[in-house]
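First listed ligand is number 1; within each ligand, the first listed atom is number 1.
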Amino acid sequence: METVWINGEFKPLSEGHVGLEDRALLFGEGIYEVIAAYQGVPILLEEHLERWERSAAGLRLPLPYTRDQRREVLMELIARSGSDRISLYGQLSRGESRRAHQFPATPKPNEFWFARNLAKYPPELHEKGVKVYTHLDERWARRWIKSTSLLPNCIAKQYATERGGFEAILFNEENIVTEGAVANFWVVKNGVVYTHPANGRILGGCKRAMVLELARAAGIDVREETYSVDFMMQADEAFLTSTTINVLPVVKADDMAIGSGTPGALTRRLMELVDAEISSIIEAASAPAVQSGT
Ligand code: PDD
């Protein structure tokens, strides 16, 4: 049975409810997080919890619980799930109030979290890479906030899905590639890895931050710079990163091959580095605590 924690209580997921006038429902006025946990160990937990707090501040949403309380809830949900691979979904809204666009004077925030089995992607996906389709980035300007207002993301993802693509790659009015509809996007050209800077015009992914750090530590030339759709189409390699897909090679865009049309060497290197990093996070968290003073 799937469990939800909502406003301080654990319940069966089917019994968790918010009212019809919840402001996330009426206005998309909420924030969310998706966190992966493998073998009982959440990955990049503090980074996700920190982004949660930043996103809430970005929407001036009051935080009904402390970070310690939230962490405790998540660890309990992981334990209750009894599964080796889960994703944790959390959402916070300003809560219910009589419908009016301006913020209510006394918000009653709704916060909930639930755990879901995270199905393994078929191995071919990472081995062979995926197709993407480009779509205009129609989102608002504050993309650094992980907001539940995801309509432009849904429309773009649907556009790609209907064409048999895995992801939509968003570009702005200046033809600059920003990111994917649900993941960060990267290209490789002449041995240099490029990704759009986390300057507020993209969501700064937790996995993106991990990849930047690992790449730099491995001496890979990685640059947070903008690049055009044309540059992307001429790239040698491309890949996506997110909590659930880690590093996923992209081999075709708008039905044209990127580079050789197979996952590139640097992409594969980064896949290995991320896999190794995740294994070491799990190992470190699972190791028995060192006893001191004996
Ligand atoms: N998506 N960019 C966008 C627009 C995203 O929605 C996501 C995550 C990312 C990657 O962020 P991270 O590495 O922290 O997962 C980038 C999640 C998984 C989702 O909406 O389901």
Side-chain angles (χ1 to χ4, degrees), residues 24 28 30-38 42-56 58 74 85-92 113-119 121 125 130 132-161 165-172 176-187 195-215 222 224 226 238-248 250 270-271 273-275 277-278 281:
I31 59 152
Y32 76 106
E33 270 300 329
V34 180
I35 308 172
Y38 307 115
I43 307 301
L44 302 176
L45 179 59
E46 296 312 312
E47 287 81 351
H48 284 283
L49 292 177
E50 198 192 309
R51 186 171 63 190
W52 173 276
E53 291 163 13
R54 249 186 291 130
S55 294
L74 296 183
R85 280 178 60 88
I86 61 167
S87 70
L88 295 155
Y89 177 85
Q91 184 172 310
L92 172 69
W113 288 88
F114 57 80
R116 269 271 143 82
N117 271 338
L118 181 56
Y121 286 105
L125 217 62
V130 297
V132 297
Y133 287 89
T134 56
H135 193 283
L136 185 64
D137 194 338
E138 295 169 326
R139 298 173 300 163
W140 72 331
R142 303 183 204 183
R143 298 170 199 149
W144 59 274
I145 299 172
K146 201 161 169 60
S147 148
T148 55
S149 295
L150 290 171
L151 190 50
N153 305 61
C154 295
I155 289 170
K157 180 87 176 184
Q158 181 61 20
Y159 172 85
T161 304
F166 181 86
E167 173 66 310
I169 300 304
L170 308 177
F171 60 92
N172 67 18
I176 297 294
V177 174
T178 50
E179 60 181 322
V182 299
N184 290 119
F185 186 63
W186 312 61
V187 293
T195 198
H196 192 289
N199 57 2
R201 296 299 161 129
I202 62 161
L203 181 78
C206 295
K207 199 53 60 62
R208 175 185 179 280
M210 179 196 268
V211 169
L212 280 175
E213 202 178 307
L214 292 171
V222 52
E224 295 179 84
T226 56
F239 61 93
L240 293 158
T241 58
S242 86
T243 293
T244 48
I245 57 176
N246 294 325
V247 176
L248 182 63
V250 170
L270 289 167
M271 283 168 77
L273 288 171
V274 166
D275 287 350
E277 177 70 8
I278 291 174
I281 291 172

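Nearest protein heavy-atom neighbour of atom 20 (O) of ligand 1: Tyr32 OH, 2.8 Å. Protein heavy atom closest to atom 10 (C) of ligand 1, with residue, atom name and distance, is Asn184 OD1, 3.7 Å. Looking from atom 18 (C) of ligand 1 to the surrounding protein, the closest heavy atom is Val34 CB, 4.1 Å. Shortest contact from atom 11 (O) of ligand 1 to any protein heavy atom: Gly205 CA, 3.3 Å. Here the protein heavy atom with the shortest distance to atom 1 (N) of ligand 1 is Val182 O, 3.1 Å.
Annotation: Arg208 places no N or O atom under 3.5 Å from an N or O atom of ligand 1; distance criterion only. Inclusion of Thr244 in the set of residues having an N or O under 3.5 Å from an N or O of ligand 1 is not warranted. An N or O contact shorter than 3.5 Å links Glu179 to ligand 1 by distance. For ligand 1, none of its N or O atoms has an N or O atom of Ser242 under 3.5 Å away.
When atom types are taken as modelled, the side chain of Arg143 and the backbone of Trp140 share a donor-acceptor pair closer than 3.5 angstrom. Under a 3.5 Å cut-off, the side chain of Ser242 and the backbone N or O of Ala183 do not form any donor-acceptor pair. Thr226 contributes no side-chain N or O that, together with a main-chain N or O of Val177, makes up a donor-acceptor pair within less than 3.5 Å. Between the side chain of Glu167 and the main chain of Val182, a donor-acceptor pair closer than 3.5 Å is present.
Residue contact annotation: Ala181 has a non-hydrogen atom under 4.0 Å from ligand 1. Not a single heavy atom of Glu47 sits under 4.0 Å from any atom of ligand 1.
With Ile278 as the partner, the side-chain contact (heavy atoms from CB on, under 4.5 Å) test is satisfied by one option alone out of Asn246, Leu273, Leu44: Asn246.
Every atom of ligand 1 is numbered from 1 in the order shown, and the set under 4.0 Å from a heavy atom of Thr243 is 12 (P), 13 (O), 14 (O), 15 (O).
For Glu47, there are no salt bridge (charged side-chain N to carboxylate O under 4.0 Å, His left out) partners, not counting sequence neighbours. The side-chain hydrogen bond (donor to acceptor under 3.5 Å, both in side chains) check on Arg139 picks up Asp137, Glu179, with sequence neighbours excluded.
No more than 12 heavy atoms of other residues, nucleotides or ligands lie within 6.0 Å of CD in Glu213, so this atom counts as exposed by the packing criterion.
When non-hydrogen atoms are compared, ligand 1 lies under 4.0 Å from the side chain of Arg51 (C-beta onward) but not from its backbone.
One option in Lys146, Lys207, His48, Lys157 has a heavy atom closer to atom 8 (C) of ligand 1 than any other, and that option is Lys146. If you check each of Pro152, Gly180, Ala183, Gly204 against atom 9 (C) of ligand 1, the one with the closest non-hydrogen atom is Ala183.
Ring-plane geometry between Phe239 and Trp186 is classed as parallel, the angle between the planes falling under 30 degrees on a 0 to 90 degree scale with a further cut at 60.
Geometric assessment of Lys157 against the ring of Phe166 yields a positive cation-pi assignment under the 6.0 Å and 45° thresholds.
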